[in-house]
Amino acid sequence: MLDLQYICDHLDEVKANCQNRGVQVDISPILSLRDQRRDFITQGDALRKEQKGTSGKIPKASAEEKPALIARGKELRGEVAKIEEQQKLIEQQLYALQSQIPNMTHPDSPVGRLEEDSVTVRKVGEKPNFDFEPKDHVEISQHLDLIDFEAGRKVAGHGFYYLKNEAVLLELALVQYAIEKLVAEGFTVTTTPDLARDEVLEGIGYIPRGDETQIYSIENSDLSLVATAEITLGGMMKDEVIDAEKLPLKIAGISHCFRTEAGAHGKATRGIYRVHQFTKVEMFGFTAPDLAASDEFHQMVLRIEEEIFQGLGLPYRVLDICTGDMGGSSYRKYDLEAWMPGRGSYGEVTSCTNCTDYQARRLSTRCRTAGKKGTQFVHTLNGTAIAVTRAMIAILENNQQADGSVVVPESLRKWVGKELIVAKK
RNA sequence: GGAGAGAUGGCAGAGUGGCCGAUUGUGCAACAUUGGAAAUGUUGUGUACCGCAAGGUACCGGGGGUUCGAAUCCCCCUCUCUCCGCCA
């Protein structure tokens, strides 16, 4: 979330930003809530001060004075409790309102509401020229016996699937390929929990357990299945104070991602494009709290994402995502969309986001700079290295041959163990 | 799963109802001393919130309770360690 002081001092900018982001929220009560909160704190502090003074006098007081002091102490206890309760109520309202306000936006981000308002920064790679009618990944995987949708539906329902045969090798190869790259780039690699506490989800900007939640939650617990390792990686430094000299922290994680995809019915539901579970390698960064540092990190993450797809030989385009299409935590966001011949269009395969201090404030992840007083909230960034299902669609569809076989990208062959995936007999 | 021990400031480690936001050691910083260093000495050294400031309030794993007053007493939870059992 945004800093309360900042919101109050920049009311008009924040309002305009909400407008650009397509977030409907009336932020005008915030000033009065802020003032009420301050009054309760001031009153509470004064009462507690008197309380301390009163109880402090008791051991030294004479027998005659004591009863009056004790009586006053009792009174004060009640008053303090009353004020604290009111303060808590106001703070809940304040928190609820503050949580609805999205992050501020990079001045260069395109303003717009729709996907189409995002700007294509560049296109890289050549789309394949087929001298036959290209199939989509569902047909290809049926022909090559790579994905069992039927079994997935039977066992876990629509949106679940079994990878089979070379698809399994491809998943493992993609993960290995991404991890090898990230180790070379100086990332600390991890495997993360696939579940996280709700407060961590909220800190990152997800809303578990709401009506429109995208999150699977575990009953009778405060745990939810993660929608991305961004959650578990960002949560790693919750409540920590990092020495500024150690920044930036570059951490990557392998996790499974679970999404209910509520409200996505009828929207590209064919195949493994939109599924309830997939495997992903994610990058995460904690940087010093200044825009120069986090912008630089953001560009690095984008560069790595592009190099990963260049290394796979897949054509893609880079989008500078418009204000209406980024999440609440985002300050700036780029997506990579790979060419997917089966759909005849580009499909999102990665995204990378600079969240500035928006997530860090709620997670209370701070840094200490030598010579600077106090602590500051760090900046956080995240980006996809490989989302296995989406990458696999692009590989199968772009590398298909006239005879129905699929060429394995050269960079994956050492793990897949073959150059060509052909139909089984 | 069973039994026990514990959680205090960067770290170590006192503190069992008021004089404790917290003894002390250590680490760190500044200064003094020195040709320079070691050693030594002095001073300082947490975070958050409210306030223009002076200052104030909160925080001893987390939450609740008892009390005029809680690091200290009571209840619940979490985590760590040791032992036993079980297990991929």
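For clarity, every value in this text was computed on a predicted model and none was experimentally measured. In what follows, chains carry the letters A, B, and so on, assigned in the order in which the sequence lines appear, proteins first and then strands, with residues in each chain numbered from 1.
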Distance-only side-chain donor-acceptor flag, Ser62(A) / Glu65(A), under 3.5 Å: yes
Under-4.0 Å side-chain N/O to phosphate OP1/OP2 contact, Lys52(A) with rA58(B): yes
What protein N or O atoms touch nucleotides 72-78 of chain B N or O atoms at under 3.5 angstrom, if any, and at what distances?
none

Nucleotide forming a Watson-Crick or wobble pair with rC60(B), both distances under 3.5 Å: none
Complementary nucleotide of rC73(B), counting Watson-Crick and G-U pairs under 3.5 Å: rG65(B)
Atom C1', compared across rA70(B) and rC60(B): separation rounded to whole Å: 11 Å
Distance, C1' atom - from rG25(B) to rG9(B), rounded to whole angstrom: 13 Å
Separation of rC49(B) P from Leu94(A) CG (nearest whole Å): 13 Å
Geometric cation-pi criterion, Arg390(A) with Phe278(A): 6.0 Å, 45°: no
Pairing partner (Watson-Crick or G-U wobble, both distances under 3.5 angstrom) of rA37(B): none
Sugar-phosphate only, base, or nothing, as touched by Arg77(A) at under 4.0 Å among non-hydrogen atoms: base
Integer-rounded Å distance: rC59(B) C1' and Asp239(A) CG: 13 Å
rC20(B) versus rG27(B) - spacing of their P atoms, nearest Å: 26 Å
Sugar-phosphate only, base, or nothing, as touched by Lys60(A) at under 4.0 Å among non-hydrogen atoms: nothing
Under-4.0 Å side-chain N/O to phosphate OP1/OP2 contact, Arg368(A) with rU47(B): yes
Test side chain to side chain contact (heavy atoms under 4.5 Å, CB included) applied to Leu223(A) and Leu195(A), Asp198(A), Val200(A), Asp194(A), the passing residue: Leu195(A)
N/O donor-acceptor pair under 3.5 Å between Arg332(A) side chain and Cys355(A) backbone: no
Whole-angstrom distance between rU57(B) and rC19(B), as gauged at atom P: 13 Å
First encountered from the 5' end of RNA chain B, between Gln51(A) and Ala46(A): Ala46(A)
For atom CG of Asp39(A) and atom P of rG51(B), their distance in whole Å: 9 Å
Residues Lys424(A) and Glu166(A) bridged, charged N to O under 4.0 Å: yes
Phosphate contact (rU47(B) OP1 or OP2) by Arg366(A) side-chain N/O below 4.0 Å: no
Separation of atom CD1 in Ile83(A) from atom P in rA58(B), rounded to whole Å: 15 Å
d(CG, Asp45(A); P, rG56(B)) in whole Å: 11 Å
Presence of salt bridge, Glu91(A) and Arg37(A), under 4.0 angstrom: yes
Donor + acceptor pair across side chains of Lys280(A), Thr228(A) (<3.5 Å): yes
Phosphate OP1/OP2 of rC68(B): any Lys74(A) side-chain N/O under 4.0 Å: yes
Separation between the P atoms of rG18(B) and rA71(B), rounded to whole Å: 10 Å
Separation of the C1' atoms in rA7(B) and rU72(B), to the nearest angstrom: 15 Å
rC50(B) phosphate, OP1 or OP2, under 4.0 Å from Arg37(A) side-chain N/O: yes
Pairwise 5' ranking along RNA chain B for Leu4(A) and Ser55(A), keeping only the more 5' one: Ser55(A)
Base partner of rA54(B), which must satisfy Watson-Crick or wobble distances under 3.5 Å: none
Sugar-phosphate, base or nothing in reach of Arg34(A), heavy atoms under 4.0 Å: nothing
Distance, rounded to the nearest Å, where Glu84(A) contributes CD and rC59(B) contributes C1': 13 Å
rU16(B): pairing nucleotide in any strand, Watson-Crick or G-U under 3.5 angstrom: none
